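Data block below; observations after.
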Amino acid sequence: GADGLILLESPKDFQDDFSMVYFNADGKESSMCGNGGRCIARFAKKLGIVKSEAKFTAIDGPHTAIVEEEMVRLKMGDVTEIKSSQEAYFLNTGSPHLVIFTEEIDAINVKSKGAKIRYSEEYKKEGTNVNFVEIKNGFFAMRTYERGVENETLACGTGAVAVALAAHFSGKTSSKKIVLETLGGKLSVDFEKTSGEYRNIWLNGPAKQVFMGEIVI
(Lines give C-alpha, C1' and ligand atoms only; values in the text may rest on other atoms or scores of the structure.)
Protein backbone atom coordinates (compact mmCIF):
# COMPACT_ATOMS: atom_id res chain seq x y z
CA GLY A 1 0.00 0.00 0.00
CA ALA A 2 0.90 3.67 -0.05
CA ASP A 3 -0.29 6.96 1.40
CA GLY A 4 -1.04 8.34 -2.05
CA LEU A 5 -0.24 8.54 -5.74
CA ILE A 6 2.14 11.08 -7.29
CA LEU A 7 2.07 11.90 -10.98
CA LEU A 8 5.08 13.42 -12.72
CA GLU A 9 3.64 15.43 -15.59
CA SER A 10 4.96 17.76 -18.29
CA PRO A 11 5.76 21.24 -16.97
CA LYS A 12 3.15 23.96 -17.31
CA ASP A 13 5.77 26.67 -16.73
CA PHE A 14 8.71 26.89 -19.14
CA GLN A 15 11.07 27.39 -16.19
CA ASP A 16 10.10 24.03 -14.64
CA ASP A 17 11.45 20.56 -15.29
CA PHE A 18 8.07 18.94 -14.55
CA SER A 19 4.77 19.32 -12.68
CA MET A 20 3.74 17.36 -9.59
CA VAL A 21 0.17 16.17 -9.02
CA TYR A 22 -0.62 14.31 -5.80
CA PHE A 23 -3.66 12.20 -4.89
CA ASN A 24 -4.35 11.07 -1.34
CA ALA A 25 -5.35 7.54 -0.44
CA ASP A 26 -9.01 8.63 -0.52
CA GLY A 27 -8.68 9.30 -4.27
CA LYS A 28 -8.93 13.09 -4.01
CA GLU A 29 -6.28 15.49 -5.26
CA SER A 30 -4.48 16.69 -2.19
CA SER A 31 -2.63 19.76 -1.00
CA MET A 32 1.17 19.68 -0.95
CA CYS A 33 3.02 16.55 0.16
CA GLY A 34 6.53 17.48 1.33
CA ASN A 35 8.05 14.01 1.41
CA GLY A 36 6.28 13.30 -1.88
CA GLY A 37 8.00 16.34 -3.34
CA ARG A 38 11.37 14.96 -2.27
CA CYS A 39 10.51 11.53 -3.70
CA ILE A 40 9.39 12.87 -7.08
CA ALA A 41 12.60 14.88 -7.39
CA ARG A 42 14.68 11.76 -6.85
CA PHE A 43 12.46 9.87 -9.30
CA ALA A 44 12.98 12.60 -11.89
CA LYS A 45 16.74 12.22 -11.45
CA LYS A 46 16.46 8.45 -11.90
CA LEU A 47 14.57 9.03 -15.15
CA GLY A 48 17.26 11.44 -16.34
CA ILE A 49 14.88 14.41 -16.41
CA VAL A 50 17.10 16.36 -14.01
CA LYS A 51 20.64 16.09 -12.70
CA SER A 52 21.21 17.41 -9.19
CA GLU A 53 18.62 20.23 -9.15
CA ALA A 54 14.93 20.05 -9.98
CA LYS A 55 12.43 22.84 -10.42
CA PHE A 56 8.75 21.94 -10.41
CA THR A 57 5.32 23.29 -9.56
CA ALA A 58 2.90 21.55 -7.22
CA ILE A 59 -0.57 22.57 -6.10
CA ASP A 60 0.86 25.11 -3.64
CA GLY A 61 3.26 26.73 -6.09
CA PRO A 62 6.89 26.42 -7.27
CA HIS A 63 9.54 24.31 -5.55
CA THR A 64 13.25 23.64 -5.93
CA ALA A 65 14.85 20.35 -4.91
CA ILE A 66 18.52 19.40 -4.54
CA VAL A 67 19.24 15.67 -5.01
CA GLU A 68 22.46 14.20 -3.65
CA GLU A 69 22.34 10.39 -3.86
CA GLU A 70 19.54 9.37 -1.45
CA MET A 71 19.46 12.72 0.36
CA VAL A 72 17.00 15.26 -1.02
CA ARG A 73 16.50 18.88 0.05
CA LEU A 74 13.19 20.50 -0.86
CA LYS A 75 12.51 24.23 -0.66
CA MET A 76 9.07 24.90 0.79
CA GLY A 77 6.81 27.95 0.57
CA ASP A 78 7.08 30.86 3.00
CA VAL A 79 4.93 30.81 6.15
CA THR A 80 3.54 34.19 7.12
CA GLU A 81 1.05 33.30 9.86
CA ILE A 82 0.95 30.96 12.86
CA LYS A 83 -2.12 30.86 15.11
CA SER A 84 -1.68 29.66 18.68
CA SER A 85 -3.91 28.52 21.51
CA GLN A 86 -2.26 27.18 24.66
CA GLU A 87 0.07 24.38 23.49
CA ALA A 88 -1.52 24.05 20.02
CA TYR A 89 -0.39 25.88 16.89
CA PHE A 90 -2.11 26.06 13.49
CA LEU A 91 -0.25 26.92 10.28
CA ASN A 92 -0.22 26.12 6.59
CA THR A 93 3.04 24.75 5.16
CA GLY A 94 1.53 23.79 1.81
CA SER A 95 -1.02 21.74 3.75
CA PRO A 96 -2.90 22.77 6.91
CA HIS A 97 -1.41 21.48 10.15
CA LEU A 98 -2.31 21.58 13.81
CA VAL A 99 0.73 21.03 16.05
CA ILE A 100 0.12 19.89 19.62
CA PHE A 101 2.97 19.64 22.13
CA THR A 102 2.38 16.83 24.59
CA GLU A 103 4.01 14.17 26.78
CA GLU A 104 4.19 10.39 26.48
CA ILE A 105 3.71 10.53 22.73
CA ASP A 106 4.17 6.76 22.37
CA ALA A 107 0.99 6.14 24.36
CA ILE A 108 -1.25 8.34 22.20
CA ASN A 109 -3.87 6.71 19.97
CA VAL A 110 -3.06 8.96 17.01
CA LYS A 111 -5.80 7.63 14.73
CA SER A 112 -8.56 8.10 17.29
CA LYS A 113 -7.42 11.40 18.77
CA GLY A 114 -6.39 12.82 15.41
CA ALA A 115 -9.72 11.95 13.79
CA LYS A 116 -11.61 13.57 16.68
CA ILE A 117 -9.79 16.85 16.07
CA ARG A 118 -9.88 16.62 12.27
CA TYR A 119 -13.68 16.16 12.26
CA SER A 120 -14.38 18.65 15.07
CA GLU A 121 -16.57 21.66 14.36
CA GLU A 122 -13.53 23.91 14.01
CA TYR A 123 -11.79 21.84 11.35
CA LYS A 124 -14.29 19.48 9.73
CA LYS A 125 -15.10 21.73 6.73
CA GLU A 126 -11.59 21.90 5.27
CA GLY A 127 -9.95 19.27 7.44
CA THR A 128 -6.52 19.47 9.02
CA ASN A 129 -3.54 17.24 9.62
CA VAL A 130 -2.77 16.76 13.31
CA ASN A 131 0.76 16.45 14.71
CA PHE A 132 1.53 15.30 18.24
CA VAL A 133 5.00 16.32 19.40
CA GLU A 134 7.21 15.50 22.40
CA ILE A 135 10.64 16.95 23.13
CA LYS A 136 13.06 14.06 23.63
CA ASN A 137 16.79 14.40 24.30
CA GLY A 138 17.15 17.61 22.33
CA PHE A 139 15.09 16.65 19.31
CA PHE A 140 11.40 16.63 18.52
CA ALA A 141 9.59 13.30 18.26
CA MET A 142 6.41 13.58 16.19
CA ARG A 143 3.48 11.45 15.10
CA THR A 144 1.00 12.60 12.47
CA TYR A 145 -2.63 11.94 11.60
CA GLU A 146 -3.12 12.81 7.92
CA ARG A 147 -6.40 13.91 6.41
CA GLY A 148 -7.14 12.08 3.18
CA VAL A 149 -5.33 9.04 4.51
CA GLU A 150 -7.50 9.29 7.65
CA ASN A 151 -4.90 7.45 9.68
CA GLU A 152 -1.46 7.81 11.16
CA THR A 153 1.36 7.83 8.60
CA LEU A 154 5.02 6.96 9.08
CA ALA A 155 6.23 10.45 8.21
CA CYS A 156 4.82 13.74 6.96
CA GLY A 157 7.05 16.34 5.32
CA THR A 158 4.74 19.35 5.53
CA GLY A 159 4.01 18.24 9.09
CA ALA A 160 7.73 18.19 9.92
CA VAL A 161 8.01 21.75 8.63
CA ALA A 162 4.97 22.77 10.69
CA VAL A 163 6.42 21.20 13.84
CA ALA A 164 9.81 22.85 13.33
CA LEU A 165 8.30 26.31 12.82
CA ALA A 166 5.87 25.89 15.73
CA ALA A 167 8.74 24.81 17.98
CA HIS A 168 10.71 27.93 17.07
CA PHE A 169 7.68 30.22 17.20
CA SER A 170 6.75 28.96 20.69
CA GLY A 171 10.27 29.43 22.04
CA LYS A 172 10.88 25.72 22.60
CA THR A 173 14.04 26.07 20.57
CA SER A 174 16.11 28.97 19.28
CA SER A 175 17.77 26.86 16.59
CA LYS A 176 16.95 27.50 12.96
CA LYS A 177 17.89 23.94 12.00
CA ILE A 178 15.69 21.40 13.74
CA VAL A 179 15.88 17.60 13.76
CA LEU A 180 12.62 15.67 13.88
CA GLU A 181 12.14 12.00 14.66
CA THR A 182 9.24 10.31 12.86
CA LEU A 183 8.19 6.68 12.80
CA GLY A 184 9.73 6.47 9.32
CA GLY A 185 13.08 8.01 10.30
CA LYS A 186 14.73 11.39 10.81
CA LEU A 187 14.04 14.60 8.91
CA SER A 188 15.49 18.05 9.41
CA VAL A 189 14.17 21.50 8.64
CA ASP A 190 16.20 24.70 8.32
CA PHE A 191 14.84 28.19 7.76
CA GLU A 192 15.27 31.92 8.20
CA LYS A 193 12.99 34.28 10.10
CA THR A 194 12.65 37.87 8.92
CA SER A 195 10.06 40.46 9.95
CA GLY A 196 8.05 37.81 11.77
CA GLU A 197 7.82 35.56 8.71
CA TYR A 198 9.53 32.25 8.02
CA ARG A 199 11.36 32.12 4.69
CA ASN A 200 13.97 30.06 2.86
CA ILE A 201 12.50 26.91 4.41
CA TRP A 202 14.16 23.60 3.43
CA LEU A 203 12.93 20.08 4.23
CA ASN A 204 15.78 17.56 4.29
CA GLY A 205 15.89 13.77 4.41
CA PRO A 206 16.44 10.53 2.52
CA ALA A 207 14.30 9.26 -0.36
CA LYS A 208 14.78 5.56 -1.05
CA GLN A 209 13.33 3.47 -3.86
CA VAL A 210 11.58 0.45 -2.33
CA PHE A 211 9.62 -0.90 -5.32
CA MET A 212 9.51 -0.72 -9.09
CA GLY A 213 6.76 -1.99 -11.37
CA GLU A 214 5.36 -1.51 -14.83
CA ILE A 215 1.77 -0.79 -15.83
CA VAL A 216 0.81 -2.61 -19.04
CA ILE A 217 -2.19 -1.14 -20.86
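Computed from heavy atoms alone, side chains included, the values below leave out hydrogens, waters and symmetry copies. Values in this document were obtained by computation on a predicted structure and should not be read as measured data.
In this structure, the ring of His97 has its center no less than 6.0 angstrom from the ring center of Tyr89.
The CD1 atom of Ile40 lies 9.0 Å from the OG atom of Ser19; values are rounded to the nearest 0.5 Å.
Counting only residues at least two apart or in different chains, salt bridge (Lys or Arg N to Asp or Glu O under 4.0 Å) contacts with residues 149-159 comprise Arg118-Glu150, Arg143-Glu152. Residue pairs that meet the ring-ring contact (aromatic ring centres under 6.0 Å, His included) test with at least one member in residues 113-153, sequence neighbours left out, are Phe90-Tyr123.
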For the pair His168 and Ser174, evaluate side chain to side chain contact (heavy atoms under 4.5 Å, CB included) and give the outcome as yes or no after the intermediate values. CA-CA 6 Å; His168 185 271; Ser174 60; 5.5 Å; no

With side-chain hydrogen bond (donor to acceptor under 3.5 Å, both in side chains) as the test, would you mind laying out the steps for Glu146 and Thr153 before giving the verdict? CA-CA 7 Å; Glu146 287 199 48; Thr153 55; 2.6 Å; yes

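Looking at residues two or more places apart in sequence or on another chain, you find no salt bridge (Lys or Arg N to Asp or Glu O under 4.0 Å) involving Glu122. Listed by chain and residue number, Asp106 satisfy the side chain to side chain donor-acceptor pair (under 3.5 Å) test with Lys136 (two or more places apart in sequence, or in another chain). Every side-chain contact (heavy atoms from CB on, under 4.5 Å) that Phe43 has, sequence neighbours left out, goes to Leu8, Leu47. Judged as a side-chain contact (heavy atoms from CB on, under 4.5 Å), and not counting sequence neighbours, the contacts of Pro62 are Thr57.
Asp26 and Arg147 are not joined by a salt bridge, as no carboxylate oxygen comes within less than 4.0 angstrom of a charged side-chain nitrogen.
The two residues Asn129 and Ser95 make their nearest non-hydrogen contact at ND2-CB, 3.8 Å.
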